[in-house]
Amino acid sequence: ASRPLGADQISYFNEQWDKLEKNRRSLLQDLRRAIDNGDLQVHYQPQLHLERQRISGCEVLVRWHCPERGTVPPDEFIPLAEEHRLIAPLTKQVILKSCTELGEVDLLGSTLDRVSVNISAQEFTDRDFLPQMQALLGDLSSLRPYLQLEITERAALLDMKRSIHYIRSLREQGLRFSIDDFGTGYSGLSMLRDLPVDELKIDRSFIVDLNSQPRSAAIVSAVVGLADVFGLSVVAEGVETDGQLEALRRCRCEEVQGYLIAPPLDIQRFQAFLTGHSLQHPARA
Ligand code: C2E
Ligand code: MG
Ligand code: MG
Ligand code: MG
């Protein structure tokens, strides 16, 4: 049985709560300023096509280097941005910045077939998402064919009808769609049947124990098989070891992404990485 709280305990909790609230408010303030000032950075993580032995695409990951706080991880500020209607301006900045940076070094089309940007669930289910994205795409006509949006199963399932409408409309304008963290949601096969997407990203949780847990290996093989049947690309995320890479080759997984290939890199390092990689693996004519 729990005893009633004493007055000193209550005031202690109140103090802690106030502190948390204050921290959150100041984090929000700093985030708002970073977005307004265009201070968010983007990093690029390469995706390796196993059969072609070349980097075919990359995932864009937002980075916030706050002068006062140091680097704040996306898992901390994305939920805050979602909660306070800052996610649309954040995404806009991520898309414009990555397209500008990749355009400046002339990587799209020549070296990379595809650049993937994350779209959060809250954003994808917002009724403003489609018009906002269409307006943004108007300014990006030449890069549109390379842009891919990553959504999670959970986001897509919240309102299937709307999801299908959004995906259809944006694919008509040349965008591609990928299902991120595939296998972790409540996906059913009906989702694969109904959603007109282009790619599945197998969640890291199935890659982590690929070599020790036969069930994970079976799931990966099954997802690769499904992707094949539906004509989708398939990427394994979070590949960290040679053993995992070998297992993924055996499963006939098409593409891999993870620290084993490279961590997310800023544009200079990404460009240098791509140059080094193409020297190591010259494309066969
Ligand atoms: P995600 O989309 O599933 O991204 C993959 C995460 O795994 C990234 O973390 C990446 O740095 C990390 N990662 C890559 N390779 C490895 C590996 O080999 N091992 C391990 N342990 N981790 C690896 P990050 O950058 O911290 O992002 C976390 C999540 O935050 C992302 O998960 C995504 O949901 C979200 N996020 C990141 N950038 C954006 C963005 O621009 N917009 C939105 N809406 N969400 C974003
Ligand atoms: Mg992602
Ligand atoms: Mg992912
Ligand atoms: Mg994941």
Side-chain angles (χ1 to χ4, degrees), residues 31 34-35 38-48 55 57-65 70-99 101-102 114-126 129 132-133 136 147-156 176-185 197-211 233-245 247-248 253 255-267 269-270 273:
L31 178 62
I35 294 174
D39 284 343
L40 296 180
Q41 308 291 310
V42 287
H43 280 188
Y44 306 87
Q45 189 173 32
Q47 297 171 328
L48 174 67
I55 304 298
C58 66
E59 177 173 10
V60 179
L61 295 152
V62 68
R63 291 293 178 260
W64 179 22
H65 306 294
T71 302
V72 185
D75 288 327
E76 271 173 45
F77 66 86
I78 296 287
L80 199 63
E82 287 191 294
E83 210 177 310
H84 295 274
R85 304 198 62 82
L86 294 172
I87 195 74
L90 181 148
T91 298
K92 186 175 173 187
Q93 203 169 119
V94 166
I95 292 181
L96 289 178
K97 210 162 244 188
S98 53
C99 285
E101 288 185 351
L102 292 170
R114 204 177 57 247
V115 48
S116 264
V117 173
N118 290 286
I119 300 296
S120 75
Q122 191 258 17
E123 181 176 20
F124 187 68
T125 49
D126 194 298
F129 176 72
Q132 273 166 351
M133 198 50 83
L136 182 58
L147 198 56
Q148 173 168 277
L149 303 184
E150 291 189 7
I151 56 172
T152 60
E153 297 166 76
R154 214 156 321 162
R176 290 171 42 110
F177 276 84
S178 174
I179 302 289
D180 203 357
D181 305 338
F182 187 76
T184 58
V197 298
D198 304 279
E199 179 186 277
L200 304 179
K201 285 189 87 171
I202 307 175
D203 191 64
R204 191 168 71 83
S205 59
F206 301 109
I207 309 304
V208 135
D209 59 4
L210 195 51
N211 297 100
S233 305
V234 62
V235 182
E237 64 175 19
V239 181
E240 294 183 356
T241 69
D242 287 315
Q244 290 164 357
L245 185 65
L248 287 163
C253 183
E255 292 184 39
V256 294
Q257 173 184 347
Y259 297 158
L260 181 70
I261 317 303
L265 302 163
D266 65 31
I267 188 70
R269 291 193 180 95
F270 182 54
F273 172 85

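In listed order, ligands and their atoms are each counted from 1.
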Looking only at distance, does [X] have an N or O less than 3.5 Å from an N or O of ligand 1?
{"X": "D180", "answer": "yes"}
{"X": "P74", "answer": "no"}
{"X": "T91", "answer": "no"}

Judged by non-hydrogen atoms, does [X] sit under 4.0 Å from ligand 1?
{"X": "Q257", "value": "no"}
{"X": "R204", "value": "yes"}
{"X": "R63", "value": "yes"}
{"X": "G238", "value": "yes"}

E101 (side chain) donor-acceptor with I267 (main chain) under 3.5 angstrom: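 Not at all, since once roles are kept as given, no pair shorter than 3.5 Å links the two residues.
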Side-chain (Q257) to main-chain (C58) donor-acceptor, under 3.5 angstrom: no
Per-atom contacts of ligand 1 with [X], taking only distances under 4.0 Å to non-hydrogen atoms:
{"X": "D181", "answer": "3 (O)"}
{"X": "Q45", "answer": "14 (C), 15 (N)"}
{"X": "S120", "answer": "44 (N)"}
{"X": "G258", "answer": "15 (N), 18 (O)"}

L90/I87 under side chain to side chain contact (heavy atoms under 4.5 Å, CB included): CA gap, chis, key distance, verdict: CA-CA 5 Å; L90 181 148; I87 195 74; 4.3 Å; yes
Side chain to side chain contact (heavy atoms under 4.5 Å, CB included), paired with Q244, selected from N211, L260, V256: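 Exactly one option meets the side chain to side chain contact (heavy atoms under 4.5 Å, CB included) with Q244, and it is N211.
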Partner residues of R63 under the salt bridge (charged side-chain N to carboxylate O under 4.0 Å, His left out) criterion, sequence neighbours left out: none
Neighbour count above 12 (heavy atom, 6.0 Å) for K92 NZ: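 Open: at most 12 neighbouring heavy atoms sit under 6.0 Å from NZ of K92.
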Contact check: E150 to the Mg ion (ligand 2), N/O/S below 2.8 Å: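 A backbone or side-chain N, O or S atom of E150 is under 2.8 Å from the Mg ion (ligand 2).
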For the Mg ion (ligand 2), the closest N/O/S atom belonging to D180: OD2
Proximity of L61 to ligand 1 by residue part, where a heavy atom lies under 4.0 Å: both
OD1 (N118) to the Mg ion (ligand 2) to OE2 (E59) angle, given to the nearest 10 degrees: 90°
Using distance only, find each side-chain donor-acceptor pair of residues 71-80 under 3.5 Å and give its atom names and separation, not counting sequence neighbours.
residue : atom : partner : partner atom : Å
T71     : OG1  : H65     : ND1          : 2.9

